[in-house]
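The next block holds one structure in the form of structure tokens; read it before the comments.
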Amino acid sequence: MFESILHGLRQIAGWIIPLAQAAEVTLALSVISVVIGIIGGVFIALGRISRGKILKRICGAYIFVFRGTPLLMQLFFLWTALPLAIPALTMQNRFLAAVIAFSLNSAAYQAEIIRAAIQSIDPGQMEAAKSLGLTYSQAMRLIIFPQSIKRLVPPIGNEFIMVLKDTSLVQMISLVDLMKKTNQIQSSAATALVYLPSAVMYLIFTGVFTWLFNRLEKHHARYE
Amino acid sequence: MNTSHCTLLKRVSALVLALACALTFAACAKTEGGAASTAAGTAADGGETVDYGNVTPGVLKIGMEVGYPPMEYLAEDGSTITGFDYELGLEVGKKLGLDVEFVDTAWEAILTSLDSNRYDVVMSSLSITAERQANYNITKPYIANNLVLVTVSGSGIDSTESLAGKRVATQTETTADDYMNELIDGGLNLAGYNVYEKVINCFDELKLNRIDAVMVDKVVALYYLANYSELEVVWESDTPEPLGMGLKKGNDVLTAAIENAVDELYAEGTIAAIANKYFGSDITAGVRK
């Protein structure tokens, strides 16, 4: 009994480094994609609530397409289907392709989060800002956005955790992330024990980021 | 304004509900159709079915990863299973007097699903290896096979040594994957080694010039070569790697019955006929000893 536990612990210790290396892909991909997604999301959200009819339509269509199809399909489309149709669009870097697909997808979700947060701010704020002589962009930057951040943080934290777990899809384009490495170790070591350290790693990542997002939320609560 | 909005909502809800009902009904109808098609495998004499301890009594459940042409794959309509293993499975079912049901399974879980009783036998281009024989009942070979390297014509690759500095792809958890890992452990320095869930992904990557060579079963390589004229086989392993069927360890009654059935089909020439249909030659000749 004691012997077998010791053996298990020794096995787990040997897996930590390969798992951690694969986790780099998981973490880097989620952080980069969510950050790019936020930036893209802001512009798409602003387009969605703008007065320009065409801009509004384009941004609406973007969200419709990227939220309405599976992320896996978008990833495959970008990596395989598109270059088979148009060879000039062949990418060689798997990680870059994953970042592009995840960012495009995340931007669509975050645009809706950001739009909801902006529209939840009392319209009186915009009217007051305008009556003080601020332009639309000044009012957005100085009055509306700072107030909406507190309402943005929880759903974006949620989105981040979703993306972190969705990154396991990248094994379909032969990128080795934490999940794929777990599978590989499982088959080479012929034991499912590897799920234990792997699950703990995912929980550590989501735990740390949940804590960070909570701090951020409290920090921005001072605008209330 | 408010009332008209409400009516619209009701109408949309009704439409959605109607659609859901229609879909459910269609799904039910389809299940019945599916059951009818499996009955095709019933023994012609219609006699009593023998109990081989099957997962589902009276049914031979066959596990396969559908996506490995020409061994097991979907016909062009995208829903009918076809292939060498499929036809052989139907014939084996007939011999045993059992209905046949095919269970599409992810390759990575194809053997472990035997242990969890998802099906009775794996007929899915399973290479016979010592490791698999240690953990499962593996039948005698039923088709010849070995590993080959496929590249785009004129690649300059002609051996496993010349793979140094090149990019190679295989399907994950296959004997090709194992073999590449052995070569890498033995000091072969690749520019990249990528594994994929489906073998078609490897060939797509080859066409897109993301990799230089695919290590794959010969039976599959021949199929893709016939479809893509720009590809060629540049190397073939010396050691034959024939394919067998896999059953749960200790499931000896069914294993013996299947061995018998395959022996009979082999002697009758049925297997040779199926091989000729899919490969244009009888690659099963002399493999069954």
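By convention in this document, chain letters (A, B, ...) are assigned in the order of the sequence lines, proteins followed by strands, and residues within each chain are numbered from 1. Values reported hereafter were calculated over all heavy atoms of this structure, with side chains retained and with hydrogens, waters and symmetry mates removed.
Atom OH of Y195(A) has more than 12 heavy atoms from other residues, nucleotides or ligands within 6.0 Å. Open room surrounds CD1 on I17(A); 12 or fewer heavy atoms of other groups in view lie less than 6.0 Å from it. Residue F64(A) qualifies as open at atom CZ: its count of foreign heavy atoms under 6.0 Å is 12 or below.
With sequence neighbours left out, the side-chain hydrogen bond (donor to acceptor under 3.5 Å, both in side chains) criterion links E161(B) to S159(B).
Atom OG1 of T112(B) is separated from atom CD of Q186(A) by 8.0 Å, given to the nearest 0.5 angstrom.
Contact residues of residues 157-177 of chain A toward chain B are Q171(A), M172(A), I173(A), S174(A) (heavy-atom distance under 4.5 Å). Proximity to chain A among residues 186-206 of chain B is limited to N194(B), V195(B), Y196(B), E197(B), N201(B), D204(B), E205(B), judged by heavy-atom separations below 4.5 angstrom. Within residues 79-104 of chain A, the residues approaching chain B closer than 4.5 Å by heavy atoms are, in numerical order, W79(A), T80(A), P83(A), L84(A), T90(A), M91(A), Q92(A), R94(A).
Using a 4.5 Å cut-off between heavy atoms, T172(B) contacts chain A through its side chain alone, with no backbone atom that close.
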